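Being a predicted model, the structure only gives us computed values, none of them experimental.
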Amino acid sequence: MLKIPTFVRLITIGLFSLIVSSTSVAVEQSKTDTINKTQAAKRAQQKVSGRVLKVDQSKSTYRVKVLQKSGRVVSVDVDKKSGKVTQQGAKK
C-alpha cells in the first residue's frame with residue numbers, strides 16, 4: 001500500500017475545502033447580485049446600436065438612453081435582476 005505523507009494529505013484536504021467553500025459562496029452571491037450600470041449600458045447597446053448618453057436607475061430597472069447614428073435617441077430599460085432588455089421608444 002502506498003503511504004502518503006501527512007502534510008500532503010492535509011494540503012489536499014485544505015485545497016478541496018477551499019474549492020468547495022468558494023464555489024458555494026459564488027453561488028449564493030449570484031442569487032442576490034444585480035447587474036451594474038456598465039453592464040446595463042452594454043446590454044442596451046447590444047439591443048440598440050449607438051452611443052450611450054445616460055444611464056438612470058430606479059429600484060428595479062436601469063433606463064439607458066442611446067443615441068443612434070440616425071440622430072434618434074432611444075430609451076431602453078434593463079431589468080436589474082434578470083438583465084432583460086426592453087426598448088421603450090425613439091425620440092426625434
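- Arg43 places a side-chain N or O within donor-acceptor distance of the main-chain N or O of Gly83, the cut-off being under 3.5 Å.
- Thr34 and Lys81 get closest at one heavy-atom pair: CG2-CG, 4.2 Å.
- Salt bridge Asp79/Lys84: absent, no basic N to carboxylate O contact under 4.0 Å.
- Judged by the 6.0 Å distance and 45° axis criteria, Lys37 is not positioned over the aromatic ring of Tyr62.
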Could you check Ile35 against Val78 for side-chain contact (heavy atoms from CB on, under 4.5 Å), going step by step and ending with a plain yes or no?
CA-CA 9 Å; Ile35 65 171; Val78 182; 3.4 Å; yes
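- Rounding to the nearest 0.5 Å gives a distance of 7.5 Å between OG of Ser58 and CG of Asp77.
- Tested against Lys47 for a side chain to side chain contact (heavy atoms under 4.5 Å, CB included), the candidates Val66, Val64, Val85 yield a single pass: Val85.
- The side chain to side chain contact (heavy atoms under 4.5 Å, CB included) test with Val73 is passed by exactly one of Lys65, Arg51, Gln68, Lys54: Lys65.
- Between Val55 and Val52, the shortest heavy-atom distance links the atoms CG2-CG1, 3.9 Å.
- Distance check: Asn36 CG to Lys42 NZ gives 8.5 Å after rounding to the nearest 0.5 Å.
- Looking at every heavy atom in both residues, Lys80 comes nearest to Gln57 through NZ-OE1, 2.9 Å.
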